[in-house]
Structures are given as structure tokens and as C-alpha cells.
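All remarks here apply to the structure that follows.
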Amino acid sequence: MRFALDEINRSPTLLPNLTLGFQIYDSCTGLHQELDGTLKLLTGQAEGIPNFSCKQMPPMSSIIGHVTSTFSILNARILSLYRYPQISYLSTSPLLSDKTQFPTFFRTVPSDSLQCKGLAQLVLHFGWTWIGIVAVDDDYGREAMKFIKEEILKVEACVTFAEYITTNNLKHISYVTKIIKESTAKAVISLIKDLDNILFLEEMLRQNITGKIFVASEAWSISNLFTTAKYSSLLSGTIGFSFHESTIPGFREFLDNIRPFSSREDPWTKIFWERAFGCQFFDQTILTDSLNNSKPCTGNESKESIEYMFKDVQTLNAAYNLYNTIHVIAKSLHDMQNCQENKGQYNNGSCPDIQHFKPWQASFTITIACESPQLCLRITTLVTKFCNNGGFIVNQLSHYIQNIKVNLSTGREQFFDKNGDPPGMYDIVNWHLNTDGTMRHVKVGSYDTTQANGNSFLINTSALMWASGQKEVPVSVCTESCLAGFRKVLRKGLPVCCFKCVPCPLGEISNMTDSLDCFKCPWDQWPNSQKDKCLPKNREFLSFEEPLGSALTATSVFSSLLPISIFGLFMCYKNTPIVRANNFSLSCLLLMSMSLCFLSSLAFIGYPQPEKCLLRQVAFGTVFTLCVSCILAKTFMVVFAFMATKPGSSLKKWVRPRVSYMIVALSTSLQLVLCITWISFAPPFSTDNIQTQPGIIIVECNEGSPTAFWCMLGYLGFLATISFIVAFLARRLPDSFNEAKFITFSMLAFLSVWVSYIPASLSSKGKYTVAMEVFAILSSSWALVICMFVPKCFIILFRSHMNSKEHLMGKGRLTRTRAASRCTYSVWVTCIALKKITKTMTSRIQSGLINWIQGSSNWRSESIFGICGFVHKVQEVISSHCDPFDRGVFRFTKNCPAETLEFWVYAPDELQCRMGHNNLKHKLKTILLALEEINRSPTLLPNLTLGFQVYDSCAGILQELDGTLKMLTGQSQGVPNFSCKKLPPVSSVIGHSTSTFSILNAFVLGLNRFPQISYLATSSLLSDKKQFPSFFRTVPSDTFQSKGLAQLVLHFGWTWVGLVAVDDDYGRQGIQLIKEELLRGGACVAFTEYITTNNLEHISYVTKIIKQSTAKAVVSLVKDLDEVILLEEMLRQNVTGKIFVAGEAWSISNLLTVAKYSSILAGTIGFSFHGTTIPGFREFLNSIHPYNTKEGPWTKLFWEKMFGCKLFDQSIKGSENASKLCTGNESMESMQNIFFDISNLNPAYNIYMAVHAIAQSLHDMRTCQKGQGPFPNGSCADIQHFNPWQLSHYIQNVKVKLSNGRELFFDQNGDPPAIYDIINWHMNIDGTTRMVVLVHDQKKR
């Protein structure tokens, strides 16, 4: 800050003739101090008074801070009412981006929403789609979890689990760790602060978790807490975001010039010097209490020994943001100063006066009285809109800040978006493993939200190193990616990331990984074997080049020569009886037609050209008709010849040769007419068949008219059938020249071939259909040749003696019989061969068809399954471990019968963050038990029934403040200074469990005098009745503990004592009181040290002081989680021989009882809250039942968590990991060690006392007698219309006799009597430690 202001004030161009200065208010990380400092700033005086300003001009122009989001939210709430601009340099909560709630808030650090989006994109950049998320259970974790889940689900990645952890709940940490271990997700996004991460990592080490890749948020991505070798098996390869590392030019030289004796330096310089160099100024004005350190500071110490301070990246990032913030304010003021008249932002173009500008122009107070809540909210909304739109309040400087653009020394430009957020710039950090087992942070890339078009990520992949030094990116998917050629089919009941990979159906491809659908190839293409691309289909036809085509061609040509050879033989022996016996001319015509039949098959082989398609069937039909017609003519001529031999027969004229020619001509002409008609009206044509055989284009001839084709074939069959019938009838005619038997066999073979062809052709596909027809042509032609002419050729060539007239006239019957037998045998062999060939081809074709059908069936079943698989249920893991009893709100109903119980249980859906936790259940049951006792009592509030409402803050300050305002307003929307009910909606408030939140509540509620009773807030600040007039508590103030611890130390004669405390309200107030008490008792303080758990160097420094000090007794006011880090450092430095005096914050913590710490903590003595029991509470717990209407929704959620099941009729969904239904009758015995652990019920008992205190106060108010009341003129409060401050009077004076015999009352500060147990830590045999109660320490007034 000093460096930036010096730059600005020295600049001749920036704010010339004006000097910037600053004031610092140190909240010491205390909410009360923060609130007080803010009010002082607004008031302008040493004491902060709300709604008052004691100066005419504001004391300053703008506010910088706070570093934490919780405090910034509180400040922004108050400052926005006055329109003061506020700029934070380290508050990242996305809640602060809401300009409706925080109109004048800005920041120079990116919002967590940008980080969350970046982390989600980083995860997806590496292809991790099956992701686990773990977050700390506070504002930071919940908001980040919500943003990341939304971003992940946008791109259809999946969250396998989303768990919140509470660092002081070891059982739940173990439960979350078990989920991580059992999960198949390798990538785990960790949204946990570094301190909260310690116990979580320790538990993962205990459960031996390995193989996970953690994606770290900026909260711990560059933390040095975890770079030790101890965590390398877990964190090696971690990747995450950190704030962009930037340097401030000249800052190092500025730091080098720091001198503690410079007049320009502030008092903190000397304190820093003492801390950094471990020395002491003897002339100091501010004591540091390090009395044991006698080394004097000279002011000339070398800074080399503290070089690490200048290399702390986290610290430098914060400094850089602060540097930017100051320059933004200076540039805004400069722009305001340079405003030109008539061009300003205000009315008539006016400009603000830089010397007298105000953060507001006008403000006023409006008091609204309304009968209707709806009217009240409507008026409030209209006024709010009017004011925000500039009707009255116009912020001058905020306008310039909102529109600022500052060019920084790093070359980047600083500006704000409409939400007051700067652009996001993060470094991507990878954790590399060193040779010694430790780890280091290596910058491997950056994430810049200002870059568009997908260039926001810049990652050096070669620099990445994963677990165990691996270079290959780990895989974190529910199911491995589906390769090209497969498609994703969702698994029923599982998220979309869990699927199975199914091959693409027939004819479809997918050419990318994780394809949801496959798409068909073009009609002329077909997938390759991998189904990842389409290739041109093979064009199939019966070609001459392939073996089958070549064989058929050769057979056809060879076969065509056989009839020609027989024709030549007949020509040679044309004068022999056997040739002349049966019409030589007709036989020659038959032989020529047979040769053409063989040759006609060639038209079916080769590429089906249009001309070939047009003529091949016609040629085949015509030639075969000619052939069969010749045989038919021969048959008739045989019959006519024998019939004409009868005397007086009129058939002699039919025996003439011309008759046979006429038969041939007529039969052939009819077929020729049919064929001409066919090709005239429906000519065959060439076509590409893609339906018959998938994956192949069958180039074939479409017959044009199937009817014409089958008519042509049918006519041919008709002729053959007639020939067969006539020949069969004439087979026994007595003549050796009778060809009827040969014709009978030839026609039988011919018909058998073509009858077999019909089913064979129908069952074959592609070129095999053509081959089948060619085969039928050749087979039938061979049948005719063999049966008709082979016997004759045999006689001519080998039985010449049979080729004589004598033999033909009746001799040599035996020879003819044998010849006939041979013919029969040859025909039988031919038919058998034909049947076998046909059967073989048919079986093969049928087998292929069956396989295709089966394949299609499988495809259809998979498709159906894929469609069904789209019905799925996305399971979301919801972990609930928040304390909804951070605020209980009590109300009562008049005129209810005593035996009737009425409860009002309210938990907004968006705030159900930790439902089902055991502590929650104890507290809920405590309230129910106490109310049941009160409502059943005939003497306490008779005819009145107490009920309650629950507001769950989920440990978020914004929700806390919002809930308080809702309660005061009495509506679903909290509006400050408005109550839309004549009566207060509640009588009193119980909560919060933490001092920080209780201070915030007490401040707001105190303005309205609403009584508030806390059951666990112990801060001594809350005892101040001036600031918190209506605050009470049932837990002792830390004041009593501090005095008691001092007396305990003095009791043992320890007069040389060290003090160690956490650096917050609890630690500072406690140390102050203990020191006063010790000094009053004559003891001395050897050292007083405050520890900040995220500063390892300082913890090491404090540990060194403890080790070197001669003081044996060390009073430790450190919370249990903070104590873990201190103990780890003490173990590293081997600190022993100390006796620790523990505050209640860790005196009974089970975190520290492990054997690891026994060498340090054995013998520890300290205070804990007095252990008490609630009579009847154990029995009341046994009465739990999920369907009890009095229980509210939490019981059902608790039941599901405990038994891992689901209630079918649940009204609020709980854990979705359960796979069975709850019956409501599950056995509680298995849960005894978990739920029925009532060993530490102090919070529940305090709630029990608070409920009874409120009930007794209301009873005392109700039984007040007129004229004897505590109010003016002895008046009493009306129980139906009392004011909250009246109830506070009765609570202040209440005395309650509890069922365990104790009496509850409050002193003048609203504090109860203090009773503590004194605890001593004993060593067990196994090296662990246990807590033993020694005695009670009671403080009474």
C-alpha cells in the first residue's frame, strides 16, 4: 500500500496537486472488531454509532477490504446502505457478485465462479468425464460445488459423488474417504482449504488410497503444507489453479530500503523486524512479550536470512491485488477530477467536486406502516427500485470505479464487469515429484477468461507429470470411450457417462469416438470392417474372369461343340439305318438348336449390359423352345408313324416331313411372339440391386416383367410336359427305331432340372442366381444331348453291327435292352448328380441366409435394448452434515389443549445442506424432548403449546444474516427496518453455535431488543450488555475458562508459563484474561505467541520459541484442528518435556489421542465443559421412527443415511446411493455405536436448558399479577401482544430448576454459572492417550 501510494503521489500525471493517504482498521480476524471498525468509519468518530455521522464530509472516499469473503459480505451489507464503494483484494465468494445486494462492492481478485468454470473445463480438457467432488462444508465449498456441478453437467460429464467434509467430524471424514476409495473415478476435484485438508489427507493415508488425481482449487494448490514426502503417494501429479503470479516493478527495491528507524515507517515495521529476525528493540514503544529473547535488533540485519518471505507466491499475489486496488481508486478519482462540465454523469451534465464529493447525493428515511404483508413488500420493492435506479441515491465515485480501465505495469488491463468482478486469470499448477520424495509446484499453463474462441486454456502438455512421474494422462471415465465404429448405449439406472459400446448396425458407421448414433452409408457405399468409414461397395456380377464364370464359360463353349460333333458324325453316317430311322433333317435341326442352347448361357455371363439384358432371356427362351419343339415334333412323328400303319388310317398324311416342320415352326412362333411382346412393353434392363445382399451392389438384369418371364418359362415347360406325356405313352411301341423311350428320359431330366431350378433360384442371391440359371441351361441341354443322341453315337462308333437294317427290324433285342439300360443308367447318374449339386448349393445359400437373419435379429435386439437403455435415472450423491440448529425460532399458539402438540418445522430446500448428521439429530431430539416435557406439564404454560421453526444458515454468513432478517420481517424475504406483521413473528431466538455468527445476530437483534440465547457461543465479547443488551447463553463465557486455567496453573505452582493461542477472537481474548490473572497471582509469562495455521514459517518460528524456552508449562488456547499443525511441527523439531494446559476447544478432542502425539501430549491437563446427561433422553432416542409426523423431514433423511436405504414415500430426497427400500422397522442395535453415542451431549444439554429458560420466562410473564408487574405502574406484559424487550426482562431474572437438580440463572451479563471438568490425559498400554476427569471446577457469583 505504501509503495503504491508513493508511486501515485509522485506521479505528475495522476491526481496532480492531490495527495492520497490511508487509515487502517485492524479487525484481528474478529467479526465484532470488523463491525465496530466499519461503524467507526461511517460515524467518523472513535465510537461507532449506527445511522449517525459526526462530520459534514465523509472521512474517506472508499474502503479496501476485507481479505475474507465472510467479513466482506458483512461490510458490503452495511456499506451498501450508504453507497460507500468497497474494493476487496482477496474475497472470492460468488455471492458478492450480486449487485442487487451489494451495489457498491468491487474486487480485484477473480470470483470463485470463474475458477469453478475453469476447473470444470480443465477436467474436461483431459477427457475426465467420471469425476468426484469433495468440498469443505461452508460458503466457499457449497458455492463452488454448485458452479462446478452445473458446468460439468452442461457437457454431459458425470459427478460420481459430491461430498462435503466437516473437519471436526472424523467419522464423516472416514465415510467420505471410503466413498473416494470405492469409487471408480480417478479425478477428484478438491474444494478444500489447506488447513481443512490435513485430516482428510491423513485419513486417506490411513485407508491407503492411491491412484487418484486431485484437481486443486486455489485454496490449496500452492500450499507448502502438503509438499512433504509423506503425502507424495497421494498428491503427486495433482493439478489445479492458483492466482496468476505477477510481480510489482520496483517493489523488491522498495522492501530492501525498509529501515525500522525511519521516521516515515509505521509502528508495524518494528514489530515485523523483531518477528523476522528474532531480535528485540530496547527502545520499542510496543512490546511483543518475547521476553526470553535477549538478542538486540540493530536495524542493519541482513535480509538474506528472510529471503523466503519475498518468495512466498501467495503473499505476493495478495500484495499485487492490493497494488491494483489502490491504482483503481486513484484512476477513478483522477477521472472524476477530469470530468468536463456539461459532460458529466449527473443532471444537466454536471460533475462532482473532487474537493467536496460525497459517496451519496441524497438520503432519507421513510417509515412505512401497512396492514397487509403483501402491500408492505410491494411498497418496499418499489422504493428500493426507485432508489437503486437513481431516484435519490446516486453513488459518484462508484460510477467511475465501475467504468474504470487501468493499464497495469504487467501489460494487462484492469476493469470490472457489470457485477464488479475483474477478468479471471489463473496459473495452472502441476505437482512434480522430487528425487527426495518431496514435491514442488510447477506452472504448466494458464487460464485467461478474456481470451475467446476456445483459447482460454494454454497448457504445456510436455511439462505435465502425473503420479509416479508418468507422462501419460490418466483416465477417469465410468466407461472407456467408444471407438469409431461403435455407439454408446446407456445403462439403465446409471448416469449418462456409464454406458456400453455397441457395434454399429449393419450398413452404418460412426467416425468419431463416443458417438451417440451411427449413420447410414450412401446407397453405393458400405462400411469397412472397423465400421469407421464408408467404402465403395463391391459390384458383383457373374464375370468371365472369376473361377465360376470361367468354368461355366468353358463348359458352355465345350458343350456347344458336342452337338456339332454329333452333327458331323451323323453327316458321315447319314445313310446308315440308325441315322435315317428318325427323321434325319429334324435331328440335325435339333442338334443345331442344342448347340445354340449351350451357347445361350454365355449371354448370362459377364457385365449385364442393357443390350445383353434385353436379349438374353429372349434368346434363351426362343432357342430352348426350338429345341423342345423339335423333340415334340419327333414324339408326334413316332406316334403318327405307328398309328398310320393301321389299315385305312387317315393319319398317313400327318407322317409327312412337313408336318414336323410345321409343329416346330408353330411352337417356336408362339414363344417368339410372347418374347417380342415382352420386350416391347416391359423390356428387361440393367439395374443395381442393393437390397438382396447388404454391402454388395449386385449388377443384374431386371426382367422388366416377372410375369412375362415366368410365362416364357412356363410355355417352355408346357411343351416339354406334352413331349414327356406323349413319349411316355409311346414308349412301348414295337419298333427298334422307336425314340419314345429316349424322349421320355430326356424330357424327365429336362423337367427335373427346371423344376429344381425354381426353389434354387429363389433361395440364391446375387451372381449365384445367374449361375444357377446357367447351370440349369447347361444341365438341361446335357440331359437332352445324352438321352437323345449318346446311345445312337455309341452304336455308330462302337456297335456297328447294330447299325443295320436287320438288327433294327427285330434282331439284337438284348443289345437294344442293354443300350436302353445304359441310357437309363446314364440318365439316373445325371439326375443324381444334378440333385446333389443343387442340394449342396441350396444348403450353402440357406446357411448364408440363416446367418444373415440371425445377424439381423441380433442387431434388432441390440437396437431395442439401446432404445430401452435411454430410460435411466441420474443418481446424485448428497452428503448432509450441517447443523440446522444454528438458529431455532420459538413461537407459541394460544388456546391449544395441553394434550395436543403442534410443531412448525421449516427448512428451505436450498438450505438443506447437512441433514441427517448425528449431532443434528441429537439437537433436534433435544428440542422435541424439552417441548414435549413442557407441553405435557400441567403447571408450566397450561393451555399453551410451544413450537419452533428452524432456519439453517449452513455455516454461511449471508444465509445467517438473511435468516435473521426474514425472522424479523416475518416474511419469506428479509427487508431491513420493516416488519409486515403487527405482532412479532417469534418470541425469542436460540443460536448461533459459533461466537462469530452469534455476534452478528446479537448486533442485529439487539437493535430490536429481541432476546437471543446461544447454546455454544463462548466469546467474552458477548458479555457486553451495552452492545448486546438482549443476548443470553447457556454455555459459560470464555472469561471463566481463562480465569480458571490461570488458577489451575497457579495451583500447581507454575510461575514461568508460556502462552500459545490461535490468532482470532477466541485466542486473543483468552490470552489477555489469562495474562492478567497470572500477573495478578505473581506468575510470569515467558512468551506469548499467536499462530496462524496457514503460515508454516510462523508456526515453525513459534515451535522454535517453545522448544528454546525454559518454561515447562504451556497454556494452549488453540482449536483442535489448529493444534494438529502445531503438533506436527513440534514432532518435526522433536519438542518434548512440556506440559500443556488445554482449553476446552481441544481438551477432549479425539483427533489428538493417537499414539503419534503421546510423546508430547501425555500428561496434558485442561478444562472441558461439564459432562451432563438429560434424564429420559436415551429412551426418547429409542422412540425414533421415520413415519412419525412430529419428527419433521430430518428423521427420514437420517434414517436413510443410517441404514443405506430409501423411504418410498419420502418427501425430501436424501442419499441416492441406497439400493433398497426402508421399511421403518430396521433394527437400531446395529447403530448403537454411531447414533446412541451420548458421551458428549453438552451442546444438546445447553439447548435443553435454553428451551426450559424460554418456557419458564413465558410462564412468569403469563402469571404476572396486575399492579405487581416489573414495568411502569406495576403493569404486566400481555402474553398475546408482548414486546420482545419485555420477554428479555423475564429471561434476565429467570431461575429454572432442571430435572437433574441443577439451577439455571443468568448474571447481569447474561452468562450462566460456569462449571468445568478438569481433564488429565493418561497414557494407554498401546501408546494412545485417554481423557480422565479429575474434578469439577465451579465458578459462582
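Keep in mind it's a predicted model, so treat the numbers as computed, not measured.
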Inset, instruction - Could you verify whether a donor N or O on one side chain and an acceptor N or O on the other, from D1038 and T1018, lie under 3.5 Å apart? - result: yes

Inset, instruction - Determine yes or no for a side-chain-to-main-chain donor-acceptor pair under 3.5 angstrom, with D1311 supplying the side chain and D1307 the backbone. - result: no

Inset, instruction - Taking atom types as modelled, find out whether D1024 and Q1027 have a side-chain donor-acceptor pair closer than 3.5 angstrom. - result: yes

Legend entry - Under 3.5 Å donor-acceptor, Q1041 side chain and F1169 backbone: no

Inset, instruction - Taking all non-hydrogen atoms of both residues into account, name the closest pair between I1074 and A1046 and its distance. - result: O-CB, 4.1 Å

Legend entry - D1317 and H1170 side chains, donor-acceptor separation under 3.5 Å: yes

Legend entry - Note, I1319 side chain near F1167 side chain (heavy atom, < 4.5 Å): no

Inset, instruction - For residues Y1015 and V1035, determine if any side-chain heavy atom of one lies less than 4.5 Å from a side-chain heavy atom of the other. - result: no

Inset, instruction - For H1252 and E933, test the side chains for any donor-to-acceptor distance below 3.5 angstrom and give the result as yes or no. - result: yes

Inset, instruction - Report yes or no: does Q1286 contribute a side-chain atom to a donor-acceptor pair with the main-chain N or O of N1283 at less than 3.5 Å? - result: yes

Inset, instruction - Please find out if less than 6.0 Å separates the ring center of Y1290 from that of W1285. - result: no

Inset, instruction - Keeping the roles fixed (side chain from S995, backbone from A1017), state whether a donor-acceptor pair exists under 3.5 Å. - result: no

Inset, instruction - Please report the shortest heavy-atom distance between R1033 and S1020, naming the atom on each side. - result: NH2-CA, 4.2 Å

Inset, instruction - May I ask you to decide if the ring planes of F1028 and F1031 are parallel, tilted or perpendicular, using 30° and 60° as cut-offs? - result: perpendicular

